[in-house]
Amino acid sequence: MTDVSATPAPAATSERPRGRSFGKIALRWLLYIVLGLFALYYLMPLFVMLTTSLKSLEEIRTGDLLSLPRELTFDAWRTAWSEACTGIQCEGVKPYFWNSVMLAVPAVLISTLLGAMNGYVIAQWRFPGANIIFALMLFGCFIPFQVVLLPMARMLGLMGIAGTIPGLIFVHVIYGLGFTTLFFRNYYVTIPVELVKAAKVDGAGFVRIFFAIFLPLSIPIIVVSVIWQFTQIWNDFLFGVSFSQAGTQPVTVALNNIVNSTTGVKEYNVDMAAAIIAALPTLLVYIVAGKYFIRGLTAGSVKG
Amino acid sequence: EPQAEVLHWWTSGGEAKAVGVLQEEFAENGGSWTDMPVAGGGGDAAMTALRARVLSGNAPTAVQLKGPAIQEWYEEGVLADISSVADAEGWADILPASIAGHMKCEDTWCAAPVNVHRVDWIWANADVLESNGIEMPTTWDEFNAAAEKLQEAGVIPLAHGGQAWQDATVFETVVLGLGGPEFFQKALVDLDPEALTSDTMKASFDQMRTLRGYVDDNFSGRDWNLATAMVMNGEAAFQIMGDWAKGEFLAAGKVPGEDFLCASTPGDGYLYNVDSFAMFNVDGDDKKAGQDLLAKLIVGPNFQKVFNMNKGSIPVRTDVALDEFDMCAQKSSEDMTAASDSGALLPSYAHGMALRGAQAGAITDVVTAHFNSDMSSDEAVQMLADAVANSM
Amino acid sequence: MAKWFETHLPKIVLAPSFIAILIFVYGFIAWTAWVSLTRSRLLPRYEIEGFIQYDRLFASPRWDTAMNNLYIFGALFIGVSMILGLILAILLDQQIRVEGAIRTIYLYPMALSMIVTGTAWKWILNPGLGLEAMVKGWGYENFTFDWLVNPDMAIYTVVLAAIWQSSGFVMALFLAGLRSVDTEIIRAAQIDGIPTWRVYVSIIIPSMAPIFLSAFIVLAHLAIKAFDLVIALTGGGPGYATDLPATYMYAMAFSRGDIGQAAASAMIMMLVVFAIVVPYLYSELRARND
Amino acid sequence: MAPILEINNLYKNYGATEVLKDINVSIDKGEFLVLVGPSGCGKSTLLNCIAGLEPISGGTLRIDGHDMTHVSPKDRDIAMVFQSYALYPTMSVAKNITFGMKVRGVDPETQKSKLAEVARQLQIEPFLNRRPGQLSGGQRQRVAMGRALVRDPKLFLFDEPLSNLDAKLRVEMRTEIKTLHHKLGASMVYVTHDQIEAMTLATKIVVMKGGIIQQIGSPSEIYNRPANLFVADFMGSPAMNLIPAKTQTGSGGTMIEIQRPDLEPIRLTDPRARGLPEDIILGLRPEDISEPGFRVGELVQEAPCKVEIVEPAGADTYVQTRLGGKPLTARLHSETEAAPGTVHNLAFDLAKVSYFEPESGKRIN
Amino acid sequence: MAPILEINNLYKNYGATEVLKDINVSIDKGEFLVLVGPSGCGKSTLLNCIAGLEPISGGTLRIDGHDMTHVSPKDRDIAMVFQSYALYPTMSVAKNITFGMKVRGVDPETQKSKLAEVARQLQIEPFLNRRPGQLSGGQRQRVAMGRALVRDPKLFLFDEPLSNLDAKLRVEMRTEIKTLHHKLGASMVYVTHDQIEAMTLATKIVVMKGGIIQQIGSPSEIYNRPANLFVADFMGSPAMNLIPAKTQTGSGGTMIEIQRPDLEPIRLTDPRARGLPEDIILGLRPEDISEPGFRVGELVQEAPCKVEIVEPAGADTYVQTRLGGKPLTARLHSETEAAPGTVHNLAFDLAKVSYFEPESGKRIN
Ligand SMILES: Nc1ncnc2c1ncn2[C@@H]1O[C@H](COP(=O)(O)OP(=O)(O)OP(=O)(O)O)[C@@H](O)[C@H]1O
Ligand SMILES: Nc1ncnc2c1ncn2[C@@H]1O[C@H](COP(=O)(O)OP(=O)(O)OP(=O)(O)O)[C@@H](O)[C@H]1O
Ligand SMILES: [Mg+2]
Ligand SMILES: [Mg+2]
């Protein structure tokens with residue numbers, strides 16, 4: 001009973017049968033099958049786009065659009081990246097990438113940060129009227145961008161940032177705020193109020209509590225917000241085309257220029273390749289950010 | 001140093017190369033060209049951008065504009081006057097009168113024309129016609145007869161893409177064919193209510209209904225070039241489409257007259273779709289100089305020739321030699337001269353040459369609604385009149 | 001002074017955003033309301049002419065179709081995306097081995113520009129080119145799937161593609177919510193003998209109510225603004241059977257140079273949003289306040 | 001010198017629920033105030049109010065002489081241990097503890113040495129790098145303590161800081177707190193359910209019930225002279241025996257008579273009982289009822305009682321009998337021969353008795 | 001009949017940290033097992049393993065004869081009260097309690113009556129409609145209890161279920177649990193830091209330390225015959241005095257000699273000490289060292305000791321002296337005259353003594 005001497009750890013866990021009951025295994029399989037089926041649904045258009053991008057134009061004209069390419073050719077990819085015409089320049093989407101990056105990165109960061117702070121104020125530092133402000137911001141999400149264009153153009157002109165990247169960043173930040181605020185506020189209301197209390201007692205002020213306590217807790221929702229904002233901004237065409245000028249056009253405008261020819265020859269393979277290329281940064285963001293969907297950030301914070 | 005920022009929607013392949021010619025010439029003449037291409041929706045996106053630019057007080061130097069839109073922008077007071085160039089170059093003499101009319105705002109010149117697309121073309125697969133013993137139709141009745149025959153033979157008579165503008169394109173050729181140039185002018189240019197509800201208009205809708213029967217079931221939303229591909233493949237016999245369709249045939253290595261045939265749609269007249277650049281009010285002498293230079297070069301014979309060979313259209317100038325152009329282009333040019341003389345040179349409503357956007361749109365709504373439902377021609381005519389009235 | 005600053009810091013932080021929203025959203029809405037009362041065409045004009053634009057709007061059969069489509073599209077799109085997003089999030093939450101890969105697969109449609117994806121969908125849904133042809137090719141001659149070209153059904157293809165595009169994001173949103181639920185509570189429920197599905201239904205999901213609000217707003221926003229999707233997939237067709245208010249408005253504002261009309265349609269759209277969102281918002285914010 | 005904490009007529013409502021009613025307390029610098037009371041009586045709420053974490057609904061609250069109504073928690077210079085721990089989930093234990101110092105700009109050297117000291121006192125060195133989620137309940141609680149102990153505030157607030165520790169550790173921690181109190185002369189407000197903690201730590205105890213203060217006094221006052229039935233019953237474990245009785249003033253002085261079901265009434269004499277009302281409640285702690293011979297004193301009186309239950313509890317044995325219609329517990333030596341059903345002589349030490357008025361429950365001697 | 005719970009050679013690691021090592025326990029139906037041990041010794045982890053909330057790293061675990069390795073928590077038919085409460089935050093108290101029944105399809109009438117009964121037992125009727133966020137700590141804890149008590153499972157697991165309750169309530173709750181145990185014949189595993197709880201509730205106590213079981217036995221075994229120094233020191237408050245001593249077997253039997261700094265060594269005789277090694281550690285609980293005259297018995301021996309500290313604690317007074325280089329605590333009556341610095345006779349009851357081997361710490365008598 002009182003044997004305190006250390007017994008060697010059991011010969012690993014191998015002795016435990018790995019198998020589980022039949023029902024469990026079946027359920028697990030079913031789960032993977034369902035997930036797989038949905039993956040097919042989501043992948044179908046990508047499949048079409050990929051195969052098309054690898055076909056020659058000749059094959060597209062004559063062949064079955066959904067079939068696999070008879071012979072692979074990567075010409076379309078090269079063309080899309082560096083040769084396709086987007087106007088009189090025929091340098092593909094490459095030159096426009098940088099504009100988009102310059103635009104999307106600051107806009108995403110600023111709007112996420114502002115949204116996080118707004119959400120934090122509204123959720124954890126309630127003051128009378130905070131909910132009304134929140135509701136007003138939310139409702140702002142619904143303003144159709146088409147009606148925004150013209151007055152916004154005028155405002156940007158007045159502010160002297162028309163046609164510049166800062167101007168575009170400004171626009172994206174303004175119209176992204178509603179969403180980022182929404183995400184963060186709705187995430188923060190579920191965090192126990194005791195944490196703020198403890199930090200207040202520890203002497204931390206508003207800003208400190210936010211950066212030291214809330215921001216580290218918000219990783220999953222930051223991921224969501226970044227995914228959303230990055231996608232919205234990177235893929236935005238309407239603002240990009242309206243508030244840019246030669247030299248500041250984002251990649252979507254280039255993509256659109258490649259894809260949308262009304263009276264020219266349509267090169268579907270290049271279109272598809274260009275679209276996939278244009279989406280790569282976003283996909284990268286999904287993959288990188290996705291890693292941070294961690295479980296249990298609040299574990300151990302409070303009882304009950 | 002002349003400067004020009006040019007907003008246009010010629011972005012892909014041949015189009016872009018064609019504009020590239022202009023840019024080169026511009027540069028050779030000491031100008032610096034800033035390219036601002038915005039494709040999409042037949043220029044809708046570019047127009048969106050244009051509006052924003054104008055409102056933010058930052059208008060581009062030259063903008064690809066056409067038809068009544070030029071006058072509309074002029075009415076907003078934002079267009080520049082390029083009469084000095086036009087007079088010096090004698091545009092009045094070398095341009096067909098009806099086309100020149102589009103370039104003028106009240107009494108001044110405010111835009112420079114680039115090319116003429118003919119809209120009322122019918123394209124055919126030579127082999128299919130031959131094997132079924134069919135000639136190119138010259139009336140709609142002939143067309144219908146040929147179509148019946150083709151249908152029996154298991155060929156789709158008409159390759160068509162179910163998009164509103166394609167429906168409108170077919171519709172206007174039908175109206176032109178059945179009603180003749182005068183009727184077309186009254187109905188689709190002057191929007192005469194009587195003409196809109198006339199029996200001829202009903203007949204046009206009837207013909208549309210008939211054509212609907214010659215189109216395969218899967219036409220909805222099909223891009224025009226896929227329809228062209230159907231003709232190329234022999235899946236379908238005919239396509240009614242502007243002369244840009246030629247580009248697809250040529251790109252696929254098809255030879256006009258041998259592999260594919262071009263003819264004007266049944267009936268008289270010539271529907272043009274003229275691209276042009278309008279000059280906007282800008283500050284700065286260099287930009288003004290750029291505008292003038294640009295206007296001069298655009299209408300200049302060299303650009304007209306090179307550009308249009310690339311683009312598949314024909315020059316606006318009547319004095320450019322067409323030896324190097326293909327047979328379809330040559331036919332187009334001949335027809336244009338003839339039509340210009342007979343007063344049958346008409347603006348295409350479907351391509352924004354005839355009407356303000358709101359009105360053209362209202363008509364297209366009715367045409368496409370009719371084509372895609374089982375609406376009767378009487379109803380359609382009534383709707384048409386209402387829609388046009390509502391769009392004023 | 002410093003003290004004043006400190007006690008009002010939360011408000012000060014919120015203020016710039018709030019002011020920006022006031023000007024750039026509510027100011028612009030007011031502007032739109034004004035313009036909707038004018039005869040603005042190519043560019044806005046400011047002489048008030050009364051309610052003519054609204055009269056024109058309500059006389060337009062195309063607008064009727066667009067509104068009807070919005071109801072169908074909105075209800076189905078929001079409903080199905082929510083449910084699907086939630087289910088997928090829950091399934092992904094079951095300690096899946098390849099979670100990262102699957103999550104990215106579900107999410108990637110968001111990344112692709114609809115300008116091009118629309119074309120792919122168009123092919124897939126086209127009876128002559130896509131699924132129907134394929135299944136027929138396998139020997140099932142009676143298989144038909146012609147929604148895309150059927151004016152009565154075409155709107156559902158838009159729904160299908162919209163769900164395809166957005167449900168992944170909704171899933172991500174819910175996944176973030178699921179991950180914020182205290183594991184101890186889930187454990188307690190397991191001990192309580194609650195079947196897993198019930199744990200989700202009765203314990204986790206209720207505690208995610210705020211996340212639902214986020215998802216709802218995002219989806220409603222996408223629904224009301226669905227634009228390039230329609231343009232790329234059906235172009236509003238067959239006819240204008242799949243027109244939505246957003247496409248209507250865009251057409252009016254930019255293809256047709258009828259800004260007054262566009263403004264009127266925008267106002268009606270916002271009224272619809274108001275009627276739907278405000279009650280939800282009210283109940284949601286109230287419930288949290290107790 | 002102004003009291004370090006002075007609370008006057010404080011009220012606190014949650015919506016319609018009145019949680020604190022007319023609270024008046026003040027403590028001087030260096031005092032150790034222990035708050036006790038049944039679960040839900042408002043102890044945590046009072047601490048929250050003192051810390052400024054909950055707005056008060058009425059009254060005034062001064063710390064070190066300054067009105068605190070509009071002062072934010074971080075400027076009140078207090079340290080607090082939360083009943084629910086409220087650890088920062090994403091920070092390591094070490095960071096949880098040093099966070100407050102870092103915020104206040106304490107230099108890193110001091111932070112380090114303070115951390116090391118506190119970690120040693122609390123015996124949490126082995127897991128300074130873990131996150132709260134990887135700790136046991138008691139370890140979390142000690143981290144929560146650590147967060148407060150590294151500080152040197154005007155006032156410490158502790159909300160049941162030792163509830164999840166084992167007895168041994170608790171004693172050690174208690175000692176640490178006591179040392180801290182002496183060494184720093186720190187002022188403390190401390191909530192506990194542990195009577196020994198309350199007794200050994202407090203210089204002043206506040207007993208609350210339903211948001212109302214029942215008694216304020218030194219530990220021995222509270223224990224020996226409870227102000228009312230509630231305090232008498234609440235403090236001490238097992239609780240004080242509260243037996244309905246009657247006074248009879250006769251020739252031999254005032255007799256106190258206690259009815260019982262099976263045997264004849266017990267009669268006790270207490271000279272101090274003179275002048276009491278007829279119906280009284282007599283309070284006597286179990287340890288003041290013992291086996292004859294073990295207790296000596298002027299007022300020790302014996303009476304045979306029927307033992308109903310015998311409950312050995314390690315060091316002692318508790319026996320229950322029935323007096324005045326109520327069970328009565330006496331603490332006997334663990335070797336007692338008392339067995340259920342037998343009649344046993346018990347010695348009542350009336351020197352320790354408290355008398356209460358049955359209606360109001362107030363103490364009357 | 002198979003034991004209701006049978007654990008063999010159970011191991012549990014968190015990554016590289018071994019938290020439970022070679023645990024072997026079994027309890028029969030109706031037994032009441034209490035787990036005690038210092039904070040962080042693995043008690044909660046063991047409960048979690050039993051409940052199936054944490055995968056075990058080695059060994060087997062059977063409930064009611066069935067191997068549970070791959071059975072999910074919900075199918076194990078256990079009820080558990082979590083140390084951290086883990087209440088459903090969006091449900092009212094009533095729903096928190098009835099939810100499990102509802103899911104299991106218990107009919108609404110029964111639900112209602114069960115709820116009413118438990119609410120009464122736990123004294124939580126007034127706030128059945130509140131959300132957990134609106135409750136005090138102790139109230140939350142009682143709700144957590146309620147959730148388990150409405151069930152009728154094979155096994156109850158309680159993780160410090162009463163730690164946030166005041167003494168009075170705790171006693172009442174303890175009684176409720178005891179009643180439940182008797183009435184239902186339920187089997188329980190119970191973690192507590194409260195020794196009285198452990199003593200009064202358990203039929204079997206398991207003492208753990210650092211993930212290793214130190215002793216399993218009945219309460220009196222654990223208290224009176226601790227298996228090693230750790231158990232001796234850990235159980236009982238104040239702790240058992242553990243005094244280094246030397247045996248000297250002479251003519252008059254075996255003498256035990258204890259050094260002290262100021263006075264001459266104490267010599268005690270114990271016939272049972274014969275045959276012990278020379279160096280021993282002698283364990284004697286404070287209550288077994290008392291004032292002469294209050295303690296009778298064969299092996300009671302007196303010795304004068306110098307009192308260093310006097311600590312009154314309500315019912316008793318503890319005095320400290322120094323023996324064998326270590327402080328020694330004796331429990332005296334609260335009226336004792338012992339004062340710091342005086343020399344006082346103390347009576348040692350050697351009948352209760354435990355001897356330990358200094359190196360291994362094992363008990364040797
Ligand atoms: N997730 C984890 N990762 C690493 N170590 C852990 C984790 N959870 C618990 N531990 C460690 O395991 C040991 C046992 O923890 P457990 O919660 O079982 O202790 P306990 O006996 O319940 O203590 P207490 O009485 O303080 O609640 C502790 O030392 C703890 O630090
Ligand atoms: N947010 C709230 N809304 C309504 N009532 C509340 C709220 N918070 C606490 N209460 C109530 O106020 C009373 C006092 O709560 P408090 O937390 O101060 O009790 P406590 O004395 O600390 O109890 P415990 O010893 O159980 O922790 C309780 O009855 C509780 O139910
Ligand atoms: Mg409390
Ligand atoms: Mg524990």
Side-chain angles (χ1 to χ4, degrees), chain C residues 82-83 85-87 89-97 99 173-216 280-290, chain E residues 44-45 47-55 71-92 95-106 129-134 140 143-159 189:
Chain C
M82 285 264 219
I83 294 168
L86 184 63
I87 291 175
I90 291 175
L91 292 184
L92 262 195
D93 201 34
Q94 309 305 310
Q95 279 137 26
I96 300 296
R97 270 163 206 280
E99 184 191 315
L173 201 52
F174 281 130
L175 198 56
L178 288 178
R179 302 268 149 115
S180 76
V181 174
D182 191 350
T183 35
E184 284 278 290
I185 291 166
I186 301 172
R187 292 177 156 201
Q190 287 178 333
I191 294 291
D192 228 352
I194 320 283
T196 311
W197 68 269
R198 194 70 194 257
V199 174
Y200 279 103
V201 169
S202 299
I203 295 167
I204 300 179
I205 292 176
S207 73
M208 291 202 322
I211 304 282
F212 271 82
L213 177 63
S214 298
F216 175 78
Y280 179 38
L281 214 57
Y282 184 74
S283 67
E284 183 58 36
L285 293 182
R286 247 196 103 86
R288 287 275 136 193
N289 258 357
D290 56 19
Chain E
S44 301
T45 307
L47 288 198
N48 278 326
C49 289
I50 296 174
L53 297 170
E54 292 283 353
V71 177
S72 78
K74 68 176 175 24
D75 299 324
R76 295 193 181 194
D77 196 14
I78 43 180
M80 180 162 173
V81 179
F82 287 80
Q83 191 170 12
S84 61
Y85 315 155
L87 302 178
Y88 309 135
T90 52
M91 296 186 193
S92 68
K95 284 197 81 183
N96 257 285
I97 293 175
T98 53
F99 184 61
M101 289 192 285
K102 203 171 127 203
V103 170
R104 260 172 272 112
V106 174
N129 290 321
R130 294 224 199 124
R131 299 246 175 123
Q134 302 172 316
R140 289 182 202 181
V143 177
M145 280 277 283
R147 208 163 49 179
L149 295 189
V150 288
R151 302 232 349 238
D152 183 16
K154 284 216 190 80
L155 191 60
F156 282 99
L157 306 177
F158 294 98
D159 200 349
V189 180

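Naming: A, B, ... by sequence-line order, numbering from 1 per chain.
The part of Asn48(E) that comes within reach of chain C is its side chain, from C-beta onward, which places non-hydrogen atoms under 4.5 angstrom from that chain. Of the atoms belonging to Met101(E), not a single heavy atom falls under 4.5 Å from chain C. Residue Ser202(C) touches chain E through both its backbone and its side chain, counting heavy-atom pairs closer than 4.5 Å. Interface remark: Ala51(E) contributes backbone and side-chain atoms alike to the contact with chain C (heavy atom separation under 4.5 Å).
With chain C as the partner, the residue from Arg151(E), Met80(E), Arg104(E) showing the most heavy-atom pairs under 4.5 Å is Arg151(E).
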Check: Should Leu87(E) and Arg147(E) be marked as a side-chain contact (heavy atoms from CB on, under 4.5 Å) after you check the CA-CA gap, both sets of side-chain angles, and the distance that decides it?
Finding: CA-CA 9 Å; Leu87(E) 302 178; Arg147(E) 208 163 49 179; 4.3 Å; yes

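One distance of note links OG of Ser207(C) with CE of Met91(E); it measures 9.5 Å at 0.5 Å rounding. Atom CD1 of Ile204(C) is separated from atom OG1 of Thr196(C) by 9.0 Å, given to the nearest 0.5 angstrom.
Using cut-offs of 30° and 60° for the angle between ring planes, the Tyr88(E) and Phe99(E) rings count as perpendicular.
Shortest non-hydrogen contact noted between Ile203(C) and Thr90(E) is O-OG1, 4.4 Å.
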